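Notes for the one structure printed next.
Labels below follow one simple rule: chain letters A, B, ... track the order of the sequence lines, proteins then strands, and each chain is numbered from 1. In this text, all values refer to a predicted model and were calculated from it rather than measured experimentally. Quick note: numbers below take in every heavy atom, side chains included, and nothing from hydrogens, waters or symmetry partners.
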Protein chains: 2
Amino acid sequence: MTQNGIECCDSICVHEELLQKVNAHMPKEEELYDLAELFKVFGDSTRIRILFVLFEAEVCVCDLAEALQMTQSAVSHQLKILKQAKLVKNRRAGKSIFYSLADDHVRAIIGQGLEHIEE
Amino acid sequence: MTQNGIECCDSICVHEELLQKVNAHMPKEEELYDLAELFKVFGDSTRIRILFVLFEAEVCVCDLAEALQMTQSAVSHQLKILKQAKLVKNRRAGKSIFYSLADDHVRAIIGQGLEHIEE
DNA sequence: TGAACATATGAATAGATATTCATATGTATG
DNA sequence: CATACATATGAATATCTATTCATATGTTCA
């Protein structure tokens, strides 16, 4: 242990205070898991592209597939994931189903992400 | 085609205007990819937990391992990923290496994520 | 310099995931 | 009601990824 007391890492001198502070502020297991699951949804360029389309307008599945040059099935699978994460919502109009952004968190999160990578 | 012109989805009547608008605003392939890569880094509960520890203080690897009850190796591998994404930085102090948050985007992004899941 | 310690890293493995293909569900229309 | 169309979904596969294990790198100190 040195004068300032911040020396590391003998098992004897693990920083107990720090560990207690960390444990006090660490979210619960479930919240951490949900948070990771949410970001996982943003962590795929196909889904990111879908979200960028929805930034422009409410769109039906077949237009999404056309816009992104993807299979209807692939788009549909990803839309399901986006919907489960409550990032998009949909409504039926005849045979078609139109998707749109669920709320403004999507823009906010992607906006922050863009800021970070554009440094 | 119906009166209002927003009927979908015969190949004949894909919404050309929409597609053009989408293409005009869609980021480049590389930017989309980088964005997805960034969120992928947030999309793992181990890395989220590491970031929450770093919210409290600058910490060495062995304390991180202790705090999270993980192998030094596992922590080190994840720290590498966080560093590549420029979410954390490090400095050497003797034998130890201390990690800390690279900038405030990390807090902002996680904050937005927390807001979303807490609805 | 050599021993002990803190961290990094490569290879291997087990588990997760995006797309494809085939098909089911649900809706409008003749 | 039967057909065509738009979307959803289950299974299979190929790819990716987090952890583990063994070991390498880099630092301190005697």
With sequence neighbours excluded, tell me which residues meet side-chain contact (heavy atoms from CB on, under 4.5 Å) with [X].
X     : value
A/K21 : A/H25, B/E56
A/L51 : A/F42, A/L82, A/V88, A/L101, A/V106, A/I110
A/Q72 : A/V61, A/S76

Ring pair (Phe, Tyr, Trp, His ring centres under 6.0 Å) contacts touching residues 54-83 of chain A (sequence neighbours left out):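 Sorted result for residues 54-83 of chain A: A/F52-A/F55.
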
Interface polar pairs with nucleotides 25-30 of chain D, N/O, under 3.5 angstrom:
none

A/S96, nearest nucleotide to its side chain (from D/dA8, D/dA6, C/dA8):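 So the side chain of A/S96 is nearest to D/dA6.
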
Enter the distance from [X]:[atom1] to [Y]:[atom2] here, rounded to the nearest 0.5 Å.
X     : Y     : atom1 : atom2 : answer
B/L18 : A/E58 : CG    : CD    : 11.0 Å
A/L32 : B/T46 : CG    : OG1   : 10.0 Å
A/L54 : A/L64 : CG    : CG    : 5.5 Å

I'd like to compare against my own output: the B/S/- annotation of nucleotides 11-20 of chain C with a strict under-4.0 Å heavy-atom distance to protein. ------SSBB

Could you pull out all donor-acceptor pairs under 3.5 Å where a side-chain atom in residues 111-119 of chain B meets a protein atom, sequence neighbours excluded?
unit_1, atom_1, unit_2, atom_2, d
B/E115, OE1, A/H105, NE2, 3.1
B/H116, NE2, A/A85, O, 3.0
B/E119, OE2, A/H105, ND1, 3.2

Can you pull the salt bridge (Lys or Arg N to Asp or Glu O under 4.0 Å) pairs that have at least one residue in [range], sequence neighbours excluded?
range                       : answer
residues 68-86 of chain B   : none
residues 101-111 of chain A : A/D104-A/R107
residues 40-50 of chain B   : B/E37-B/K40

Less than 4.0 angstrom between a side-chain N/O of A/Y99 and OP1 or OP2 of D/dA6, yes or no? no

Angle by which the axis turns from one end of the helix from C/dT1-D/dA30 to C/dG30-D/dC1 to the other, five pairs per end, to 10 degrees: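 Inter-axis angle at the ends, rounded: 20°.
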
Below 4.0 angstrom, which residues in residues 49-57 of chain A have at least one non-hydrogen atom near DNA chain C? none

